[in-house]
Amino acid sequence: MNPELINTLSEQELTAIDAELAHVPCKSAAAIDALKIVQEYRGWVSDDSLHAIARHLEMSADELEGIATFYNLVFRRPVGEQVILLCNSVSCWIKGCDKLQRTISRQLGIEMGETTTDKRYTLLPVSCLGDCDHAPAMMIGKTLHHDLTPESIVRLLAGD
Ligand code: FES
């Protein structure tokens, strides 16, 4: 993250957000895309970033915060280089995602919601990733992993 951009949006962010605005009927309809764009550039969406986005979309920061909170893939706290999104919806629950969580916690030394001290990984829960036929599933960064076992998790995290 570039610290100079704290109170404003960068040219690239504005260009990407404005490209989204061209496809929506009102500015607030681009809220999720705008949050995702800023997150892509900065890793997470700070309060200052959220206010800057809200100003650009001519909506209140509270309204945008509500959207960011509802959409749980917008990170409102700093996260590690890689975010592990462990699915905890029904199919994955039945297939033992709790065991996977314990394995990850043991291997990385973090609980759900925490970031490793080397800032490499953040572990977060997520609802269904749409891969229920191959539960349990999780994402590491942008890569979906499925049919997971505690053993495959150990290999994944060791070799990643
Ligand atoms: S319930 Fe986990 S991928 Fe659908």
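In what follows, every heavy atom counts, from backbone to side chain, and hydrogens, waters and symmetry copies are set aside. From a predicted model like this one, the values you see are computed outputs, not experimental measurements. Counting convention: from 1, in listed order, for ligands and their atoms alike.
Summarising the local packing, CD of Glu40 is surrounded by 12 or fewer heavy atoms from other residues, nucleotides or ligands at distances under 6.0 Å. In the displayed structure, His51 atom NE2 is contacted under 6.0 Å by at most 12 heavy atoms of other residues, nucleotides or ligands.
Closest approach of Gln101 to Leu123, counting heavy atoms only: CG-CD2, 4.4 Å.
Among protein atoms, those of element N, O or S found less than 2.8 Å away from atom 2 (Fe) of ligand 1 are Cys87 SG, Cys92 SG.
Of the possible polar contacts, none joining the Ser127 side chain to the Ser89 backbone as a donor-acceptor pair under 3.5 Å is found. Between the Gln39 side chain and the Leu73 main chain, a donor and an acceptor come within less than 3.5 Å of each other. In this structure a side-chain-to-backbone donor-acceptor pair under 3.5 Å is missing from Thr115 to Val79.
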